[in-house]
Number of protein chains: 2
Amino acid sequence: MMSNQNKIPQATAKRLPLYYRFLNNLHIKGKSRVSSKELSEAMKVDSATIRRDFSYFGALGKKGYGYNVEYLLGFFRKTLDQDENTPVALIGVGNLGTAFLNYNFTKNNNTKIEVAFDADKRKVGKSIGDIEVHHIEDMEQNLGDISVAILTVPVSEAQNITDRLIKAGVTGILNFTPARITVPESVRVHHIDLAVELQSLVYFMKHYPLENEE
Amino acid sequence: MMSNQNKIPQATAKRLPLYYRFLNNLHIKGKSRVSSKELSEAMKVDSATIRRDFSYFGALGKKGYGYNVEYLLGFFRKTLDQDENTPVALIGVGNLGTAFLNYNFTKNNNTKIEVAFDADKRKVGKSIGDIEVHHIEDMEQNLGDISVAILTVPVSEAQNITDRLIKAGVTGILNFTPARITVPESVRVHHIDLAVELQSLVYFMKHYPLENEE
DNA sequence: TACTTGTCGTGAAATTATTCACTTATTCAT
DNA sequence: ATGAATAAGTGAATAATTTCACGACAAGTA
């Protein structure tokens, strides 16, 4: 699958999954046509931004009409590789990890947690949300060729586990620990820091009383 | 508390809680001095960006020396209002909600979940992580003057609960549902969409093979 | 057919954010 | 005391992103 490196801006790329899911919902609801204005209102993204984002992929709409939902959806399905499934490993079956195991990512999505690991022997062997928990010691043997990991371990373990993951061939990590892990250039990390997000919200509430963003 | 509206860029504001936590950790470790270069390596933020960010608040460092950890920490403590505690309500005690109740936000942080709500009568009356769960019907009576809510309800309930929260005086919502909720201008919403984050990571892995960001 | 309306796609402008690179002040070693 | 090394702060350049606003064309209507 040719890496479609025609300079889609990162900001645009981050919105694609949102667009995809929303179009999918429209399709399920039986809507066959949609305008950038409607999309804008529903997704809270400026309509010009939506048109601009779509335009990076070519002329997907029709003037005076809008976008054909099915066509657009099919287009994004291909673009986002929704046909091939992406297996994911979850490391750390604590509260947050358990929540993800029960969370049905596959719903509108090509990603599925296939295997989980934890250091607590009492959790090993059990299945949570249909996913078997292995011991963290056996991680390398049970990872297979999975290249995406969700990291929900204690912060003290984060770097150590990261190093092992990378050695085992993982090239993408969704990091929920507060640790800013160090990885080679070739590995992509997205951080989601829940405490920071909450604190950031509070800061914005106090200091930016009226505007709205993101 | 004067709203310090001296045009701190949003991108900077979003990084402040990260800076704060990191400085706090340094302080705990007994480090008294730090340079933008060290901070950069640890937090994976360009050192010029760090210096620029700090400079919006004035000259906080010393040339040839760096920053005094304690001073900087004290400064950010004030800036981020870490002295006053911010009470938070959690709506929806499912998997994700439960994880948050057990998550100790207060650790490095001025925020604390004070009360939780759920529609499931079996959960009502119990305490999880020391926080009592009330029935969602009694939300308005038990919110007190809380103005921040974490929303972890099913997507179908999101808008409805949001409307009630706003009517009850909530002005900031951390929304974990996939719904892009509609709120008045005066209410701030931050979305964290876990499925989108995961999918976005996968997209970047496939299409932006070498670069690194955020 | 002719007119009106809707809506895309996009150049250009505006805004926002990042990064370079240099000046200046300070520290540290000798 | 002196010189070398360090590192902040910042003007200016660059990059990235958003937004405006309009031309062009399709769809619907009379």
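Below, chains carry the letters A, B, ... as their sequence lines are ordered, and counting in each starts from 1.
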Which is it for A:Ile8 and B:His207 under the side-chain contact (heavy atoms from CB on, under 4.5 Å) test, yes or no, and what are the steps along the way? CA-CA 9 Å; A:Ile8 303 300; B:His207 297 270; over 6 Å; no
Is there a side-chain contact (heavy atoms from CB on, under 4.5 Å) between A:Leu80 and A:Asn110 once you walk through the steps? CA-CA 9 Å; A:Leu80 288 169; A:Asn110 61 335; over 6 Å; no
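Within the 4.5 Å cutoff, side-chain heavy atoms of B:Met139 are placed close to those of B:Leu165. Taking 4.5 Å as the limit, every side-chain heavy atom of A:Phe204 sits out of range of all side-chain heavy atoms of A:Leu201.
Within the nucleic acid shown, A:Phe54 has no heavy atom closer than 4.0 Å to any nucleic acid atom.
In this entry the distance linking CZ of A:Phe57 with C1' of C:dC8 reads 17 Å, nearest Å. One atom, CD1 of B:Ile8, and another, P of C:dA17, lie 11 Å apart when rounded to the nearest Å. One can place CD of B:Gln10 at 13 Å from C1' of D:dT17, the figure rounded to the nearest angstrom.
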Distances under 3.5 Å only, N/O to N/O: pair up the protein atoms with those of nucleotides 28-30 of chain C.
residue : atom : partner : partner atom : Å
C:dC28  : OP1  : B:Arg33 : NH1          : 2.9

Please list, for nucleotides 20-23 of chain C, all pairs of protein and nucleotide N/O atoms separated by less than 3.5 Å.
residue : atom : partner : partner atom : Å
C:dA21  : N6   : B:Arg51 : NH2          : 3.3

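When distances are taken from the side chain of B:Ala11 to each of C:dA17, D:dT17, C:dC8, the shortest belongs to C:dA17. Distances from the side chain of A:Ser55 to the nucleotides C:dT10, D:dT18, D:dA8 place C:dT10 closest.
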Taking only distance into account, with no hydrogens and no angle test, what donor-acceptor pairs under 3.5 Å do side-chain atoms of residues 61-76 of chain B form with protein atoms, sequence neighbours excluded?
residue : atom : partner : partner atom : Å
B:Asn68 : OD1  : B:Glu70 : N            : 3.0
B:Asn68 : OD1  : B:Tyr71 : N            : 2.8

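One finds no side-chain N or O of A:Thr49 lying less than 4.0 angstrom from the OP1 or OP2 phosphate oxygen of D:dT18. Contact annotation: B:Lys62 does not reach the phosphate of C:dA25 (side-chain N/O to OP1 or OP2, under 4.0 Å).
Mapped onto DNA chain D by nearest heavy atom, B:Gly64 and A:Pro9 fall at different nucleotides, with B:Gly64 at the one closer to the 5' end.
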